[in-house]
Amino acid sequence: MTDHGLESWTEGLSARERVREIATTLTQPRSVQWVKDEAQISSWQTAKDELEMLVEFGQIHVIEGDDGNPKYAPNYQRRYFSEVTDLINNHTQPELREEIASIQEQIDEWKTRFDVASQNDLESTLTNPDLSGEEIRTRNTILRQWEHYEDNKRLLKHALELYDDARSLYPSQTDSSNSSLSLSQ
């Protein structure tokens with residue numbers, strides 16, 4: 001237990017498991033040293049070996065950093081397909097369609113609220129001299145949410161497009177009883 005009474009995220013994880021936890025959640029390229037420090041391990045070589053193993057299995061990519069040293073980057077393609085697979089395995093087609101409808105309802109509400117036809121139209125209103133700083137911040141927040149919702153709609157669309165084919169490959173995975181997670185939140 002830490003001084004604050006909460007267990008450390010590293011509790012019960014080996015050094016290699018901690019490196020994997022950090023590496024598979026990267027959002028940008030990072031050095032071995034950065035991953036080592038974040039994983040709270042002492043061995044640079046252990047971090048390097050585990051990162052190389054993750055590269056070998058396609059979990060992450062290695063790229064050349066600005067300083068000429070390797071950096072480890074997320075495999076966005078693999079993450080995307082994993083998210084599509086999770087949607088297919090954990091939700092029914094009607095649930096996916098309903099989520100798309102919920103997302104679209106929110107987008108339609110923003111269009112009406114700001115009298116715009118698109119996300120780009122809303123963005124172009126940011127330079128309106130009649131807007132207060134607070135109104136601009138609100139619109140910026142909504143723009144980020146709108147972008148996130150559009151990404152989720154695209155993900156849901158792909159899950160629906162692949163749904164029948166994916167289910168035919170694994171017909172026994174038809175239980176979607178754990179399907180209460182909303183993507184729009």
Side-chain angles (χ1 to χ4, degrees), residues 1-91 95-96 99-100 102-103 106-107 119-120 123 137 140-163 166 169-170 173 176 178-185:
M1 290 267 215
T2 65
D3 292 340
H4 303 298
L6 298 174
E7 285 188 35
S8 168
W9 76 271
T10 62
E11 193 83 20
L13 296 176
S14 71
R16 290 184 179 278
E17 290 169 329
R18 292 194 307 265
V19 169
R20 282 193 299 271
E21 285 290 321
I22 296 298
T24 57
T25 58
L26 289 172
T27 58
Q28 59 184 308
R30 297 295 188 168
S31 68
V32 174
Q33 185 64 42
W34 186 91
V35 172
K36 178 189 101 48
D37 293 344
E38 289 296 309
Q40 301 174 17
I41 66 171
S42 58
S43 171
W44 186 90
Q45 192 60 51
T46 298
K48 173 83 170 144
D49 291 347
E50 197 63 23
L51 288 168
E52 289 300 322
M53 189 265 318
L54 291 169
V55 168
E56 187 176 318
F57 289 119
Q59 297 285 318
I60 58 176
H61 295 290
V62 64
I63 62 172
E64 186 174 325
D66 295 339
D67 59 1
N69 291 315
K71 291 202 174 185
Y72 297 85
N75 184 337
Y76 294 113
Q77 184 181 48
R78 186 178 189 122
R79 278 191 195 168
Y80 190 83
F81 286 121
S82 177
E83 288 180 38
V84 168
T85 301
D86 287 346
L87 286 170
I88 291 168
N89 289 337
N90 296 317
H91 299 276
E95 288 171 333
L96 297 175
E99 188 62 24
I100 290 172
S102 295
I103 289 170
Q106 179 60 63
I107 291 171
Q119 189 177 350
N120 288 338
E123 188 165 23
R137 279 190 279 289
N140 274 324
T141 299
I142 290 170
L143 280 167
R144 286 191 301 275
Q145 289 175 330
W146 195 330
E147 184 176 321
H148 179 71
Y149 280 28
E150 289 293 348
D151 289 345
N152 284 341
K153 271 180 43 179
R154 194 171 18 263
L155 189 67
L156 288 159
K157 175 183 175 262
H158 289 140
L160 280 170
E161 288 170 348
L162 297 171
Y163 198 92
L169 295 173
Y170 296 101
Q173 291 190 6
S176 63
N178 59 348
S179 59
S180 60
L181 182 63
S182 172
L183 289 175
S184 60
Q185 296 183 7

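Note that this is a predicted model, so its numbers are computed, not measured.
- The environment of CG in Asn69 is crowded: more than 12 heavy-atom neighbours from other residues, nucleotides or ligands sit within 6.0 Å.
- Considering OG of Ser102 and CD of Glu95, their distance stands at 11.5 Å, rounded to 0.5 Å.
- By the neighbour-count criterion of 12 heavy atoms within 6.0 Å, atom CD of Gln45 is densely surrounded, having more than that number from other residues, nucleotides or ligands.
- With respect to Glu150 and Arg154, no salt bridge is recorded, no charged nitrogen being found less than 4.0 Å from a carboxylate O.
- Listed by first and then second residue, the side chain to side chain donor-acceptor pair (under 3.5 Å) pairs involving residues 27-41 are Gln33-Asp37 (not counting sequence neighbours).
- In plain terms, the two heavy atoms of His61 and Val55 that are nearest each other are C-CG2, 4.2 Å.
- Nearest approach of Arg79 to Thr24, heavy atoms of both residues: NH2-O, 3.1 Å.
- How far CG of Asp86 is from CZ of Phe81: 13.5 Å, rounded to the nearest 0.5 Å.
- With salt bridges taken as basic N to acidic carboxylate O contacts below 4.0 Å, one links Lys157 and Glu161.
- For the atom pair Arg18 CZ and Glu11 CD, the distance stands at 10.0 Å (nearest 0.5 Å).
- Under the ring pair (Phe, Tyr, Trp, His ring centres under 6.0 Å) criterion, Tyr80 pairs with His158, sequence neighbours left out.
- No side-chain heavy atom of Glu50 sits under 4.5 Å from any side-chain heavy atom of Val35.
- Ser82 contributes no side-chain N or O that, together with a main-chain N or O of Arg78, makes up a donor-acceptor pair within less than 3.5 Å.
- Between atom NE2 of residue His91 and atom OH of residue Tyr163 there is a gap of 9.5 Å, rounded to the nearest 0.5 Å.
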(Q) The test is side chain to side chain contact (heavy atoms under 4.5 Å, CB included); show your working for Gln59 and Asn75 and say whether it passes. (A) CA-CA 6 Å; Gln59 297 285 318; Asn75 184 337; over 6 Å; no

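- Between Pro74 and Leu26, the closest heavy-atom pair is CG-O, 3.2 Å.
- Ala23 and Leu51 get closest at one heavy-atom pair: CB-CD2, 3.6 Å.
- Atom CD1 of Ile22 and atom CD1 of Ile60 lie 11.5 Å apart (nearest 0.5 Å).
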Q: Tell me, with the steps shown, if Glu52 and Lys48 meet salt bridge (Lys or Arg N to Asp or Glu O under 4.0 Å).
A: CA-CA 6 Å; Glu52 289 300 322; Lys48 173 83 170 144; 3.1 Å; yes

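- How far OG1 of Thr46 is from CD1 of Ile41: 5.5 Å, rounded to the nearest 0.5 Å.
- The only member of Thr85, Val84, Asn90 that meets side chain to side chain contact (heavy atoms under 4.5 Å, CB included) when paired with Ile88 is Val84.
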